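Here's the structure we're looking at; comments come further down.
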Amino acid sequence: MPLQNQVKLQYIQIVVVIAGVILLLKAAHLQIFDANIKAKAQATTMDKKTLYPSRGLMYDRNNKLLVYNNPMYDLRVIYNKVDLEMDVEAFCKMLDIEEATFHKVLNKDWTDNRYDKNIPFTFLSKIPSETFARFQEHLYEYPGFYPVLRNVRGYPHSNAGQTLGYISEVNKKQIDESEGFYKQGDYLGTTGLEKMYEEELRGKKGISYMLKDNLGREVGTFSDGNLQSFAAVSGNDLITTIDIELQKYGEELMANKKGGLVAIEPATGEILSVISAPTYDPNNLTIGRNRGEFFKKIQKDSLNPFFDRSVQAQYPPGSIFKPILGLIGLQEGEISPYKNYKCEGAYYYNGTSYNCHAGAMTVNLQSAIKYSCNSYFFQTFRDVVEKFGFNKPSEGLDLLDGYLYDFGLGKPFNSDFTNNGGNVPTPAFYDKLYPDKRWRSTYIMSMGIGQGELLLTTMQMANLAAILANRGYFYNPHLVREIRSETEVKSNPNKIKNMVSIEKQHFEIVVNGMRAAVVDGTATSANISGIKVCGKTGTSQNHQGDKDHSVFYAFAPMENPQIAIAVYIENAGWGGTYAAPIASLMIEKYLKKEISSGRIWLEEKMKNSNLVSP
């Protein structure tokens, strides 16, 4: 071969080699190094599906179902699989959407890198199961569309809305803070137990990689060693402390009223019933198309049903504070069980009289509780605060406050519900209130009868009743007894025992006074034949111009108590008028399972009383 031809051949070979190397490098770039191209290539061979776990269920203390999962569907679509000659009118009619919506959602801006005609996207979300059921029968007629099952909450009862809480779709902030767990369109607990136990309830997502043929049909599972499918793990179930039958009954009694009711099992701190009135049906907050309308309606309600008055509202406790002050007075030696005090129908100081509705009489601690003598407890309060001298009220108030903190006042409970701590006024508080700092016990003695700056939640009031029932201790009130998974059962860690700094023998005189109040004192409307109820009424002054607030707490039976309860009803007048009867009916219902025939009239009166309508 001539030399000139050999040179030409060598050039051609070099060009071919260089071209081959360039093609190989380009192929490697596309298939190995370019993630976007790789993702699109995989999208045409397999489909990555997120498998959503079933959210944990909730049960009451007797294993009655409180919260379950309702199926709801997202409809996803691959544009290139859609039959553009499909019957759009029939499709839209089955899904209750407009044809304009269909075209707007389906026809994306395909020049946008976020979209690809071969990659699935969500066409319609939150399709109710009844809507999807009629559509599913015709799903085969619409290639390219396929469903993704989601679960939203359902409720077999219309009760305990504020306590159970609800779930909502995550927002951007929650997604950003979740370290990759939540994605757009996911749900999480927003209020109540749904929020407090989100990590236990939510479960773990799974992933399924499905192999597809060149027409996009699923033909099996896909795996290359790095992409492995794994199943979703269901969330844990909650066994709550709530007695749903007692809860239902309490909500009936509290209908058309404004306030709170809390019932506790004293020996465990388990909350039997927690009611905020007015309440709402949790079914109205199930994720769906009418949810927004209900939200708007309830947010405009002047009674604010979303505000949980059982654990968030802070009230002056009124005379139910008197037994607690009596215990502190006994412990400090400022009073004795049988020390008498002559009440003249009012308490007099510096030319001013402070009314005592108990009337003129001679009282000791037991009878002062029985008849709710203001004068006795004005003086007891002064004795405690003036323990270190009339001119040293700060030291005495510090002493008193220390006891009140022991009783769980002035701070939120460290438990499984969001709650306020109320207010226990301190010397520093009064130093600010009186700039010259020359305040004395006589300035603040209304605190001795549960008025003034002392504020409690209904939950704290019920817990005081539990402390009296236990004669000196309480377990942190809590709403969940157990957390159950498929492999284990865990007890709630919130069950913590707390002792108060009062010697046990002092409780008997106070408990006897509370029993006397129910038998023939201020709380006779709470008396139940066959059940020894110990209770104390309160009438909390309302400085807003409306009627005073009706307050009562109690426990029963007197020995081996099974229930402690507090009821606070706004603008309802005397404690014995509404709060005491409602508490007694709850006690009877819980202990006897039914209301005796002689008290049916009282039950009907409480159920039918309307204290919120003009």
Side-chain angles (χ1 to χ4, degrees), residues 266 317-331 335-343 345 356-381 448-450 461-462 464-472 502-539 550-567 574-588 591 599 602:
S319 293
I320 66 169
F321 181 66
K322 293 173 180 177
I324 307 305
L325 181 59
L327 288 170
I328 296 169
L330 289 172
Q331 183 66 29
I335 58 174
S336 65
Y338 305 105
K339 177 184 178 181
N340 290 319
Y341 177 83
K342 184 173 177 56
C343 175
C356 179
H357 56 73
M361 65 176 69
T362 299
V363 291
N364 55 31
L365 177 56
Q366 181 172 318
S367 59
I369 293 173
K370 176 180 178 179
Y371 297 112
S372 198
C373 177
N374 286 347
S375 299
Y376 185 94
F377 290 101
F378 279 137
Q379 188 59 51
T380 300
F381 178 81
I449 60 170
M461 298 177 199
L464 291 180
I467 294 170
L468 292 164
N470 292 332
R471 277 64 163 182
I502 305 289
E503 295 174 20
K504 189 172 182 179
Q505 69 267 21
H506 295 317
F507 283 89
E508 292 309 316
I509 191 70
V510 170
V511 167
N512 288 336
M514 293 172 66
R515 175 62 186 151
V518 174
V519 173
D520 57 357
T522 61
T524 54
S525 58
N527 205 11
I528 306 170
S529 177
I531 300 175
K532 288 186 176 182
V533 177
C534 301
K536 180 72 188 77
T537 55
T539 303
S550 182
V551 195
F552 184 72
Y553 70 12
F555 65 86
M558 187 174 183
E559 304 301 331
N560 190 27
Q562 303 299 304
I563 182 173
I565 189 169
V567 180
W574 293 97
T577 306
Y578 285 101
I582 286 175
S584 73
L585 290 165
M586 289 286 286
I587 290 170
E588 186 174 13
L591 296 180
R599 281 165 47 90
L602 182 64

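If you read the sequence from its start, that first residue is 1, and numbering goes on from there. These numbers come from a predicted model, not from an experiment.
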4.5 Å side-chain heavy-atom contact, [X] and [Y]:
{"X": "Ile369", "Y": "Phe377", "answer": "yes"}
{"X": "Ser367", "Y": "Met361", "answer": "no"}
{"X": "Ile528", "Y": "Arg599", "answer": "yes"}
{"X": "Phe555", "Y": "Asn470", "answer": "no"}
{"X": "Asn340", "Y": "Tyr376", "answer": "no"}
{"X": "Val533", "Y": "Ile587", "answer": "yes"}
{"X": "Asn512", "Y": "Met558", "answer": "yes"}
{"X": "Gln366", "Y": "Pro337", "answer": "no"}

Straight-line distance of [X] [atom1] to [Y] [atom2], nearest 0.5 Å:
{"X": "Ile328", "Y": "Ile502", "atom1": "CD1", "atom2": "CD1", "value": "6.0 Å"}
{"X": "Leu325", "Y": "Thr380", "atom1": "CG", "atom2": "OG1", "value": "5.5 Å"}
{"X": "Asn364", "Y": "Lys370", "atom1": "CG", "atom2": "NZ", "value": "10.5 Å"}
{"X": "Tyr371", "Y": "Cys356", "atom1": "OH", "atom2": "SG", "value": "12.5 Å"}
{"X": "Asp520", "Y": "Arg515", "atom1": "CG", "atom2": "CZ", "value": "9.5 Å"}
{"X": "Tyr553", "Y": "Leu468", "atom1": "OH", "atom2": "CG", "value": "5.0 Å"}

Exercise. When you check the side-chain N and O atoms of Ser372 and Lys536, is any donor under 3.5 Å from an acceptor?
Worked result: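 Looking only at side-chain atoms, Lys536 and Ser372 do form a donor-acceptor pair, the distance falling under 3.5 Å.
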Over all heavy atoms of both residues, which pair between [X] and [Y] is shortest? Give the atoms and the distance, please.
{"X": "Leu602", "Y": "Ser525", "result": "CD2-O, 4.2 Å"}
{"X": "Leu365", "Y": "Gly326", "result": "CD1-CA, 4.0 Å"}
{"X": "Leu330", "Y": "Ser336", "result": "CD2-C, 3.8 Å"}
{"X": "Gly575", "Y": "Phe552", "result": "O-CB, 4.5 Å"}
{"X": "Ala564", "Y": "Ala462", "result": "CB-O, 4.0 Å"}
{"X": "Ala583", "Y": "Val567", "result": "CB-CG2, 3.8 Å"}

For this session: Check step by step if side-chain contact (heavy atoms from CB on, under 4.5 Å) holds for Thr577 and Thr539.
Result: CA-CA 10 Å; Thr577 306; Thr539 303; over 6 Å; no
Give a yes or no answer on whether the side chain of [X] reaches the backbone of [Y] with a donor-acceptor pair at less than 3.5 Å.
{"X": "Ser319", "Y": "Thr537", "result": "no"}
{"X": "Glu503", "Y": "Gln331", "result": "no"}
{"X": "Ser584", "Y": "Asn527", "result": "no"}
{"X": "Tyr578", "Y": "Ser550", "result": "no"}
{"X": "Glu559", "Y": "Pro557", "result": "no"}

For this session: Carefully, step by step, assess Lys532 and Val518 under the rule side-chain contact (heavy atoms from CB on, under 4.5 Å).
Result: CA-CA 9 Å; Lys532 288 186 176 182; Val518 174; over 6 Å; no
For this session: Under the side-chain contact (heavy atoms from CB on, under 4.5 Å) rule, what do Leu464 and Ile320 come out as? Steps first, then yes or no, please.
Result: CA-CA 9 Å; Leu464 291 180; Ile320 66 169; 5.6 Å; no
Problem set entry | Derivation and outcome, side-chain contact (heavy atoms from CB on, under 4.5 Å), residues Ile449 and Lys322 | CA-CA 6 Å; Ile449 60 170; Lys322 293 173 180 177; 3.7 Å; yes
